[in-house]
Number of protein chains: 2
Amino acid sequence: MKETGVKDRILDTASRLFYEQGYHVTGINQIIEEADIARASLYHHFISKTELLLAYLDRSHEAWFRELEDFMRPVEGARERVLALFDHRIMRQSRPNWKGCNFNKIAAENSGDEQVLERVKRHKGRFRTYIRTLVSEAPHKRVLDDEQLADMIFLLLEGATVAGAMFRSYEETEKAKKIVESFL
Amino acid sequence: MKETGVKDRILDTASRLFYEQGYHVTGINQIIEEADIARASLYHHFISKTELLLAYLDRSHEAWFRELEDFMRPVEGARERVLALFDHRIMRQSRPNWKGCNFNKIAAENSGDEQVLERVKRHKGRFRTYIRTLVSEAPHKRVLDDEQLADMIFLLLEGATVAGAMFRSYEETEKAKKIVESFL
DNA sequence: GTCTATAAAATGATAGAC
DNA sequence: GTCTATCATTTTATAGAC
């Protein structure tokens, strides 16, 4: 039962607990217990709990975009690709253990750590750029210009994610998708 | 220097710290120290830290809608009233110590407490109803129906609030306002 | 590199005097 | 109703053996 290495097991366990319970309520004790490793092993691989959090964010960032790109790869047509952004979110939100956006949750809990905030901003910034690229390729009724449409999609997705986590449904994301469809 | 009562001072201090720092990082010790009251006085007025959190949420809920209604009272014209929703947010976000939505922050930090989640849902639900009422009175280009327009405004405001807290600006809310203006 | 043992501080909460 | 003193836990982190 010790297939994975110690460092991976620490990060896997910490990631799960940070996401499901929150960062501050998750103690080092719970992490070492559930990862089944010694206390000093954790501090050998990560110099502090904060460093573990940063590792979690970095890894989530990469996994998130890898998943998005895998989802988008087979989707053809500029219009369909824009709408697929919503389908991607609905797919994520359909998972039984979905609890909201990893980054928004950590950002809401963060009290002043600039390194943490930096990671969150980088993640959201990159996604916003991604949306802009898709929108620039898609034809649409010119009620809004390209930049406005991209901003609108970004804000609708953020709003639907927050509301979805609160009301435990992906209904908001479906509504957001229908709204955007009226513009394409 | 003891103008206000003990109970008020506890709630004032706890509210400020919960909002500025977060709920879980704020300890009982810090609250009693900054409120300048005895430890047992806190537990006389509030049976637990959770109860103090619920009192904070209830009071924020009422203060929030009181402020909104004060802001909206002088605004005339159905179209202007819809747009004033954005001005209200921009006004709030312009405050130097604005750190995001009280309720979203607590919701993101909350791990399973149903009483807490209930308060957040009630707050957001009531605001959504408020938007629907305004939209139903406002004429608009019928690109979207009334309900869709109200949903869109709600989601844009939620998204702009989350993004605004992250990027420390009200730029997102101004963009959201311009987008909605295209429909009125 | 992994372990056990432990430190030092902070956590939420209670008892009992005044 | 407010106070001081104290409780049992839990927190993050380190020392030193193997």
Side-chain angles (χ1 to χ4, degrees), chain A residues 1-58 105-106 108-116 119, chain B residues 1-58 105-106 108-116 119:
Chain A
M1 271 299 174
K2 194 182 158 173
E3 307 230 351
T4 54
V6 171
K7 187 168 180 175
D8 281 339
R9 233 160 51 235
I10 296 169
L11 194 46
D12 288 345
T13 307
S15 297
R16 177 173 53 81
L17 294 173
F18 289 167
Y19 181 65
E20 287 176 3
Q21 304 183 335
Y23 174 71
H24 284 112
V25 285
T26 301
I28 296 292
N29 291 324
Q30 192 183 7
I31 296 171
I32 65 168
E33 193 186 323
E34 298 200 15
D36 195 31
I37 51 106
R39 168 175 250 83
S41 294
L42 190 153
Y43 284 98
H44 173 75
H45 291 290
F46 303 93
I47 60 171
S48 68
K49 194 190 172 188
T50 303
E51 211 65 25
L52 190 50
L53 172 60
L54 295 177
Y56 158 64
L57 291 176
D58 287 342
K105 288 186 74 171
I106 293 297
E109 244 190 295
N110 186 44
S111 55
D113 189 314
E114 289 296 330
Q115 289 189 290
V116 170
R119 257 79 172 185
Chain B
M1 272 300 172
K2 194 183 160 174
E3 308 231 349
T4 54
V6 171
K7 187 168 179 175
D8 281 339
R9 232 159 55 236
I10 296 169
L11 193 46
D12 287 345
T13 307
S15 297
R16 177 173 53 81
L17 295 173
F18 288 167
Y19 181 65
E20 287 177 2
Q21 303 182 337
Y23 174 71
H24 284 113
V25 285
T26 301
I28 296 292
N29 292 323
Q30 193 182 6
I31 296 171
I32 64 168
E33 193 186 321
E34 298 201 15
D36 195 31
I37 50 107
R39 171 175 249 82
S41 295
L42 190 154
Y43 284 98
H44 173 75
H45 292 289
F46 302 94
I47 60 170
S48 69
K49 194 189 173 189
T50 303
E51 211 67 24
L52 189 50
L53 172 60
L54 295 177
Y56 158 63
L57 291 176
D58 286 342
K105 288 185 73 170
I106 293 297
E109 243 189 294
N110 186 44
S111 56
D113 189 315
E114 288 297 329
Q115 289 188 289
V116 170
R119 256 79 171 184

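Letters A, B, ... mirror the listed sequences (proteins, then strands); counts begin at 1. Every value quoted in this text rests on a predicted model; they were computed, and no experiment measured them. Values reported hereafter were calculated over all heavy atoms of this structure, with side chains retained and with hydrogens, waters and symmetry mates removed.
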Novice: Just the rounded figure in Å: distance from P of dT12(D) to CD of E51(A).
Specialist: 15 Å

Novice: Just how far, in rounded Å, is P of dT14(D) from CG of L42(A)?
Specialist: 12 Å

Novice: My understanding is that only residues two or more places apart in sequence, or in another chain, count here; which of them pass salt bridge (Lys or Arg N to Asp or Glu O under 4.0 Å) with D36(A)?
Specialist: none

Novice: Tell me every residue that passes ring pair (Phe, Tyr, Trp, His ring centres under 6.0 Å) with Y23(B), counting only those two or more places apart in sequence or in another chain.
Specialist: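 Applying ring pair (Phe, Tyr, Trp, His ring centres under 6.0 Å) to Y23(B) gives F18(B).
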
Novice: With salt bridge (Lys or Arg N to Asp or Glu O under 4.0 Å) as the rule and sequence neighbours excluded, what pairs involving residues 40-54 of chain B come up?
Specialist: none

Novice: What is the distance from CZ of R9(B) to C1' of dG1(D), rounded to the nearest Å?
Specialist: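 Answer to the nearest Å: 13 Å.
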
Novice: Please compare T50(A) and D36(B) by the position of their nearest nucleotide in DNA chain D and report the one closer to 5'.
Specialist: D36(B)

Novice: When you get a sec, tell me which of dC3(C), dT2(D), dG1(C) is the closest nucleotide to the side chain of S41(A)?
Specialist: dC3(C)

Novice: Look at atom CD of E33(B) and say whether more than 12 heavy atoms of other residues, nucleotides or ligands are closer to it than 6.0 Å.
Specialist: no

Novice: Can you sort out the partners of D113(A) under salt bridge (Lys or Arg N to Asp or Glu O under 4.0 Å), two or more places apart, ordered by chain and number?
Specialist: none

Novice: Among residues at least two apart in sequence or on other chains, which ones pass salt bridge (Lys or Arg N to Asp or Glu O under 4.0 Å) with E34(B)?
Specialist: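 E34(B) satisfies salt bridge (Lys or Arg N to Asp or Glu O under 4.0 Å) with R16(B) once adjacent residues are dropped.
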
Novice: What's the CG-P distance between L52(A) and dT11(D), to the nearest Å?
Specialist: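 Value for this atom pair: 14 Å.
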
Novice: Measure the distance from CD1 on I32(B) to C1' on dT2(D) and round it to the nearest whole Å.
Specialist: 12 Å

Novice: Less than 4.5 Å apart, any side-chain heavy atom of Y43(A) and any of I28(A)?
Specialist: yes

Novice: Roughly how many Å is it from NZ in K7(B) to C1' in dG1(D), rounded to a whole number?
Specialist: 13 Å

Novice: Measuring from the side chain of H44(A) (C-beta onward, heavy atoms only), which nucleotide among dT2(C), dG1(D), dG12(C) has the closest atom?
Specialist: dT2(C)

Novice: Could you check which residues of residues 12-31 of chain A get a heavy atom under 4.0 Å from DNA chain D? Sort them by number, please.
Specialist: T26(A), G27(A), I28(A), N29(A)

Novice: Atom OH of Y43(A) and atom C1' of dC3(C): how far apart are they, to the nearest Å?
Specialist: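 Atom OH in Y43(A) sits about 16 Å away from atom C1' in dC3(C).
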
Novice: Compare the minimum distances between each of dT2(D), dC3(C), dT12(D) and the side chain of H45(B), then state the nucleotide with the smallest one.
Specialist: dT2(D)

Novice: Starting at CZ of F46(B) and ending at P of dG1(D), how long is that distance when rounded to a whole Å?
Specialist: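 From F46(B) CZ to dG1(D) P: 13 Å.
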
